[in-house]
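Notes to accompany the following structure.
FYI, the numbering just counts along the sequence from 1.
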Amino acid sequence: MSSIDDLRVRIDEIDAQLVRLLNTRAECALAIGQEKRIAGLNVYQPGREAEVLAHVQAINTGPLDNAAIRRLFERVIDEARRLERLADLQ
C-alpha cells in the first residue's frame, strides 16, 4: 500500500472517531436541552456559546488556525442548538 493509501486509511479511522465523538456531544446537548426546558431557559445562550468558542481556540495547537476552529465549532454548536429545538417540539 502506498503512503497516500496509508494516510487515507488513517483519515477514515479518524473520521469514524469524529463521528462517534460528535454524536456523543450531541447526546449531551440533547440532555442539556431537556434540562433547559425543565428550568424554563432559552435554547440559545450566547454567553455559553462564547465560552465554548474561546475554550476551543485556547486549546488549539494547529495546524488549523483559530479562525478555522471557530468556524468548525460554530457549525457544531448550530447543529447542537437545532437538536435542542427539535427536542422542544417533542
Side-chain angles (χ1 to χ4, degrees):
M1 198 168 7
S2 76
S3 176
I4 289 175
D5 290 336
D6 291 340
L7 290 169
R8 287 180 176 159
V9 167
R10 182 71 182 126
I11 284 176
D12 289 345
E13 292 167 352
I14 293 166
D15 287 348
Q17 292 173 6
L18 284 170
V19 168
R20 282 191 298 276
L21 289 171
L22 288 168
N23 279 309
T24 300
R25 189 185 193 287
E27 289 170 355
C28 289
L30 282 170
I32 289 170
Q34 292 169 350
E35 293 296 322
K36 285 178 184 176
R37 185 172 48 253
I38 291 167
L41 299 173
N42 290 328
V43 167
Y44 179 57
Q45 296 189 332
R48 175 59 183 151
E49 185 172 318
E51 288 174 7
V52 170
L53 294 173
H55 175 255
V56 296
Q57 290 175 95
I59 63 172
N60 180 33
T61 60
L64 291 172
D65 64 20
N66 280 347
I69 292 294
R70 181 180 184 90
R71 285 189 304 273
L72 287 167
F73 272 84
E74 283 172 342
R75 191 69 188 125
V76 168
I77 291 167
D78 286 345
E79 288 303 318
R81 195 178 315 120
R82 185 185 66 80
L83 280 176
E84 287 183 38
R85 286 190 178 113
L86 289 175
D88 274 347
L89 299 175
Q90 297 177 4

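- Residues forming a salt bridge (charged side-chain N to carboxylate O under 4.0 Å, His left out) with R71 (at least two apart in sequence, or on another chain): none.
- We find the CD-CG distance between E49 and D78 to be 7.0 Å, quoted to the nearest 0.5 Å.
- Of the charged side-chain nitrogens involved, at least one lies within less than 4.0 Å of a carboxylate oxygen, so that R82 and E79 count as a salt-bridged pair.
- Two residues are said to be in side-chain contact when any heavy atoms from C-beta on lie closer than 4.5 Å; L64 and L72 meet this criterion.
- Counting only distance, with no hydrogens or angles, the side chain of N42 and the backbone of Y44 share no donor-acceptor pair below 3.5 Å.
- At most 12 non-hydrogen atoms from other residues, nucleotides or ligands lie less than 6.0 angstrom from CD1 of I4.
- Rounded to the nearest 0.5 angstrom, N66 CG and I59 CD1 are separated by 10.5 Å.
- Minimum heavy-atom separation, V76 to L22: CG2-CD2, 4.0 Å.
- Once rounded to the nearest 0.5 Å, the distance linking CZ of R48 with CG of L53 reads 10.0 Å.
- Counting all heavy atoms, side chain and backbone alike, R25 lies closest to I77 at NH2-CG1, 4.2 Å.
- A donor-acceptor pair under 3.5 Å is formed between the side chain of K36 and the backbone N or O of V43.
- For the pair N23 (side chain) and V19 (backbone), a donor-acceptor distance under 3.5 Å is present.
- Nearest approach of L30 to E84, heavy atoms of both residues: CD2-N, 4.4 Å.
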